[in-house]
Structure formats: C-alpha cells, structure tokens
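Here the structure comes first, spelled out in structure tokens, and everything after it is commentary.
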Amino acid sequence: DHARHMTHVGEMMVEGKAPDYQIMDQNKLHAVADRVGVEREGKNDEEVFEELVKLAKEDLTRFEGAHEKPFHWLSRSILEDRVSKLEACNIMPRGVFGTISENIAQTHVGMDADPVNLVFQGLKTSVADFGSEHIATDLSDIIFGTPKPVVSEANLGVLDKDYVNIAVHGHNPILSEMIVKAAREMKPDAEKVGAKGIKVSGICCTGNEVLMRQGVPVLTNFSSQELPIMTGALDAMVVDIQCIMPGIRAVAECFHTRIITTSVNVKIPGAYHVDFVEDRAVDKAHEVINLALAAFKERNSDRISIPEIKHKVVAGFSLEALMDIFSAVNADNPIKVLTDAIDSGELRGVVLLAGCNNLKRIHDNNHLEMAKELAKNNVFMVTTGCAAGAYAKAGMMTWEAVEEYAGDGLKAFLGRLNEANKLEEKLPLVFHMGSCVDNSRAYDLMTAMARQWGVDTPKVPYAASAPEAMSEKAVAIGSWCVTLGMPTHVGVYPYITGSDLVNGIALQIADDVYGGYFMWEEDPHKAVEKILYALDDRTWKLKVHRQAMEKYETESISAGW
C-alpha cells in the first residue's frame, strides 16, 4: 500500500497534477534507473522518472503466471543467486497485487489444505512485499531526498509549552513532509495565537521519515503513542496510515488535543478528518495546522506536564550515507571497510534490529537489552522502525553510548571512521536507517557485503532481530528476511508453534532451502547468544572456504555449503 501510494504520487507528478512535489535527488534517480534497467541515454530527468514510475506500476499490477515477465524492481535489487533460488522454488512473484490476490484466494475456505504449499505461498507474498518496500524507499528518496546524517533529539522532552506542538504519526512521508514545510511557513500565524512558533515532532515511522530527511525530533514509538497527549502540551496529532491506535481518540477527549485523520482508509470516530489530496498538498497541510492553532488557544496551562527527558540523536544513515562514511577509509571500495573489519575479527558481524513494540513485553526492554549486549560483543548494528525509536529515546544513537556500551572492536572501528571523516558529531552506537519500509536499505547493505565476498547472502555474517514483533507486516518482513538469507530472531512467540510441521519449517527446513531461518526467543540475553552463534558460524565458514580457495588457487569461494 505504501508503494502504491508513492507510485500514485509519482504518476500525478508526471501528469503535472501534483505541483507541490518534485524530483529532489537527481543522483538517486539516476542510480535507481541504472539498477532497474531504465535507459537514460538521450532523456532528461523527467522522462527517466516517468519510465521509473511506469515500471513501478507495472510491477505492482502485473498478473501472476509463469509466462509473465518477472518482478523487475525485485529481480534487479537482489543477487542473481537469490533470483535463481526463488525461481527454483516457484516463489518468484511476477506482480505484487496478483500475488496478494492469489494468496487471499488460496486461503479461502475450501481452497488449499496443504500446509507446506500455504507456507510457500506466504513466502512468495513476503518477497513481493520486499520488492514493494524497495519501490517505496527508492521513490521516496527521489521525491524527498536521500537521507544524510542529521542531529536531532528524542523523547517527550522535545515538546515545548511555548510552541504549538504537532505530532505526525503513521508511515507516509507524502503528508508529513508537507506538514513540516507548512509549519515552517506558518510561524507568523502561530505568533498571532500567542505561541513562539510551531514545533513538529514524530511518532512511529512517519516520525522516522521526517527525522531522517528534515531532522524533526522523535517523540516516541508505537506502544507509548498515547503519552504525548497526556503531557497536556500536544495540540494536534496528525495520523496517516499504519500503527495508529484507535484509543488515542479516547485519551484526547480528556485534553484539548485534536486527533486529525488524513486518509480515506484510516478513520477514527470522533476525530477530525482532513482529506489529504496530493494535488493540493500544501493547502491541505495548512488546513491541518490551522486546527492545531485553534487547539492551542484551548490549552489548560495547569494541566501541562512535560517530562524533562530528552536525548541527542544522530540519524540519517541511508545506505548511500553509510558508503560515504566508509569511503573516507577506502574510496575505491567502501564496503570493504566493513567486510575487512569482520574478516579481521574486529567485528562479529552485522545485525538489523527492526520492528514493533509488543504489549507482551516490557516496553522497549528487549530492544535496549539486546543492543547493549550486541554492542559489548562488537556487532555493527543498524535499525529501523519502532526499534529505532526505542534507541533514540534512550540516548543510544550517540557517541556517548559507544563509549558506555561498545566492545573494544566496535569502538575501534567506529573511532577509525570518525577520524577518517573528521567528524565533529561522532558516529552513534546504533545506525538509524529509516522507517519499516526502509528495511530494504538494510538488506541492500547485506547484498553489498555478499558481492564483496563473492558469495550468496546466506553466507554473510548478518542477522535480523524483531525483539518485540507485533504487526502483520512484521510477519511479511521477517519472512522475506529468512527467504533472502538472514537468520531472523523474533522476541515474541508467533502463532505457529502448535504445529510441529510448520514450526519445523520456520526453524530448520527454511535454513536447508533458503539459508535463512527463524529463532524464537523471548529472553533478550539468550537471543543475543543465538544471534552471535549464527554470525560466528558464517564468519568461520567464510574463513575456512577462503583458506581453501587460496590453497587450491580457485577463482571463487566454494558454492557448496
């Protein structure tokens, strides 16, 4: 759905119907075109963009069938070995909506009764989800700019009683980018109602989007999304899509806060609704902010209680930003900086810390405990989504956190990057790569490492963890992580353990077929032990096979493990 919306906006831009949006990153436009095979010779940027949007729409809407073209955006964004594996298992999607339709039909009453067949269809749908994520991330970067390192703040202390406070919440930068732009333009309007200005803060992945690109501070993540309202200082919470608790409206009734829905498929009874349309994006953003200005005048100053807790955040680490940082050490081959550190034993590997909060766990506890333990064991960590929100709020996206928690190897590695880049603001302990949809960036990092080593992704010392998984999309993301070669930890038991067959597929057979597999573990410290074993196993195999390659003077590492 996120990819569909981004593609729709791109199509409106091509047709001249979305005047408030434009191509902001020409370099990313060219890089994506080259990757997916769109010819640039003799074309201007608008023509290249038009072809990209057309290709995205084709990939989303193409019917299923072996005779149809492959999912182009997907097949050009992963290794050829992975494409071959997906084709061999008959789970290479042709189009996104066709795959979803096929899935829904297959699970209808009286349809497929073979659990193994259903699992394979689920994996096929998850891979289609990965392709969609890539479309959404790529188009977002082209339209809004590829994130670069930024310094901001996080936690409830970012609210300011002297300002009109607006929280943007959900997952869609199409709206939130316009809110940020309009808020900067409407400072005089805020001054007329007695405020010093307008302060925008973020919740969940919309917050991640505007943090990464605009430096907008982070308020909180999923499970604590009601708390900003309870400070009495939040004038409006503007929601778009995904992870919005209907209960925020009930909390807002106790305060002056306006809850403003903006999407036709996300409505809450009793909330204000501003139908956000792309052809009048800035006008609609002004309409939203005017509701916040009206709410500011209704504040009860006696009820304002803002916790004086906030932490510095260093974020904005797109894959391109990471490569820029590595290139200060090795300009010719930036990714080799990371792989060399693993080869030498300085780092144990890479872990993607992703995903939700879950009310079955203590809020953020699994996220924080695992990151501290992984840091101590010299693991390079990247993060997305609500996990990223947890680390931001706790001050773990700073160099101070490196000094407090990192092992000697990780500290030396990050210190070397700081020195090579002559950074005034030093690198953080955990690298924020973006919203949930930006897990595509994290997998691209794994793909780059695989290319450097000359192996397929299941041989790369790289694992994923969803310490507090909750959302349906976490099922899809976790499944494609496994299918595309990652050992994947989940910190809450999923609803499949009652079947020995299905549970066995997830924990073991998936490894035999795809090289990735699930690990269920609720205890964060035991989970880290399992992840470290997975990383060390792959690092050891890489070392042994590299020694064999050198001994027998072969041109590549053995493909036979």
Side-chain angles (χ1 to χ4, degrees), residues 25 27-28 30-32 34-35 77-79 137-138 141 145-151 212-213 313-353 374-375 378-384 388 391 397-399 401-402 406-434 438-455 457 459-464 486 535 538-539 542 546:
D25 193 333
N27 291 334
K28 187 64 178 264
H30 298 165
V32 173
D34 293 344
R35 187 179 75 239
S77 299
I78 61 178
L79 296 173
T137 296
D138 288 338
D141 284 353
T146 304
K148 298 178 181 178
V150 294
V151 180
M212 295 282 282
R213 295 189 177 92
V313 172
V314 182
F317 296 102
S318 60
L319 182 63
E320 290 85 350
L322 276 180
M323 291 304 172
D324 284 346
I325 290 166
F326 294 157
S327 68
V329 177
N330 187 336
D332 296 329
N333 193 357
I335 194 62
K336 197 170 185 294
V337 175
L338 181 59
T339 57
D340 280 354
I342 296 171
D343 286 337
S344 70
E346 186 176 50
L347 298 178
R348 298 277 282 273
V350 179
V351 170
L352 162 63
L353 294 160
L374 290 167
N378 299 311
V379 172
F380 184 80
M381 293 174 286
V382 296
T383 187
T384 57
Y391 305 126
M397 292 182 170
T398 61
W399 177 255
V402 174
D408 291 340
L410 179 60
K411 194 177 295 184
F413 176 75
L414 296 176
R416 193 160 62 252
L417 294 177
N418 285 330
E419 187 176 344
N421 285 274
K422 296 180 173 57
L423 295 176
E424 292 183 14
E425 192 62 62
K426 293 182 178 180
L427 296 170
L429 182 70
V430 186
F431 286 74
H432 195 325
M433 293 198 83
D438 294 328
N439 282 305
S440 57
R441 301 190 201 277
Y443 187 75
D444 287 349
L445 176 62
M446 186 184 193
T447 299
M449 294 167 69
R451 286 199 172 103
Q452 172 57 34
W453 274 313
V455 298
T457 45
K459 301 172 184 178
V460 175
Y462 195 124
M486 288 188 195
L535 295 176
R538 292 184 173 201
T539 303
L542 273 175
R546 185 176 295 104

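Numbers here simply count residues along the sequence, with the first being 1.
In this structure, the side chains of Thr457 and Tyr443 come closer than 4.5 Å at one or more pairs of heavy atoms. Annotation: side chain of Val329 is in contact with side chain of Leu417 (closest heavy-atom distance under 4.5 Å). Considering only heavy atoms from C-beta on, Trp453 comes within 4.5 Å of Pro461 through its side chain. Leu347 is listed as a side-chain neighbour of Leu338, based on a closest heavy-atom distance under 4.5 Å. For the pair Ile342/Met449, a side-chain contact is recorded, criterion being any heavy-atom separation below 4.5 Å from C-beta on. Side-chain contact between Val379 and Leu410 is absent, with no heavy-atom pair separated by less than 4.5 Å. Using a 4.5 Å cut-off on side-chain heavy atoms (C-beta onward), Leu79 and Arg451 make contact. Looking only at side-chain heavy atoms (C-beta outward), Phe431 and Leu414 come within less than 4.5 Å of each other.
A donor-acceptor pair under 3.5 Å is absent between the side-chain atoms of Asp438 and the main chain of Thr137, judged by distance alone. Judged purely by atom type and a 3.5 angstrom limit, Arg213 uses its side chain to pair as donor or acceptor with the backbone of Gly145. A distance-only check finds a donor-acceptor pair linking the side chain of Asp25 to the backbone of Thr146 [under 3.5 Å]. Of the possible polar contacts, one joining the Asn330 side chain to the Asn333 backbone as a donor-acceptor pair under 3.5 Å is found. Between the side chain of Asn421 and the main chain of Ile325, a donor-acceptor pair closer than 3.5 Å is present. No side-chain donor-acceptor contact under 3.5 Å links Tyr391 to the backbone of His432. At least one donor-acceptor pair closer than 3.5 Å links the side chain of Thr383 to the backbone N or O of Leu353.
Nearest heavy atoms, Gly434 versus Met212: N-CE, 3.5 Å. The two atoms that bring Ser318 and Pro147 nearest to each other are OG-O, 2.7 Å, heavy atoms only. Considering all non-hydrogen atoms of both residues, Ala420 and Ala328 come closest at O-CB, 3.8 Å. The minimum heavy-atom distance between Phe317 and Pro149, with the atom names listed, is CE2-CG, 4.0 Å. Residues Ala464 and Met486 approach most closely at CB-SD, 3.6 Å, considering heavy atoms.
Arg35 and Ser77 share a donor-acceptor pair across their side chains, judged by distance under 3.5 Å alone. Thr384 and Asn439 share a donor-acceptor pair across their side chains, judged by distance under 3.5 Å alone.
The NZ atom of Lys426 sits 9.5 Å away from atom CD of Glu419, with the distance rounded to the nearest 0.5 Å. Distance OG1/Thr339 to CZ/Phe326: 9.5 Å, rounded to 0.5 Å. How far CG of Leu535 is from CZ of Phe380: 13.5 Å, rounded to the nearest 0.5 Å. Note that CG of Asn418 and CG of Leu423 are 5.5 Å apart. Values are rounded to the nearest 0.5 Å. The distance from the NZ atom of Lys411 to the CH2 atom of Trp399 is 7.5 Å, given to the nearest 0.5 Å. With rounding to the nearest 0.5 Å, the separation of CG in Asp138 from NZ in Lys28 is 5.0 Å.
The pair Arg441-Asp141 meets the salt-bridge criterion, with a side-chain N (NZ, NE, NH1 or NH2) lying under 4.0 Å from an Asp/Glu carboxylate O. A salt bridge does not link Asp324 to Lys148: none of the charged nitrogens lies less than 4.0 Å from a carboxylate oxygen.
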Practice task
List the steps and the verdict of side chain to side chain contact (heavy atoms under 4.5 Å, CB included) for Val460 and Leu542.
Solution key: CA-CA 8 Å; Val460 175; Leu542 273 175; over 6 Å; no

Problem - Test side chain to side chain contact (heavy atoms under 4.5 Å, CB included) applied to Arg546 and Asp343, step by step - result: CA-CA 10 Å; Arg546 185 176 295 104; Asp343 286 337; 3.6 Å; yes

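Remark: Glu425 CD is packed, more than 12 non-hydrogen atoms of other residues, nucleotides or ligands lying under 6.0 Å away.
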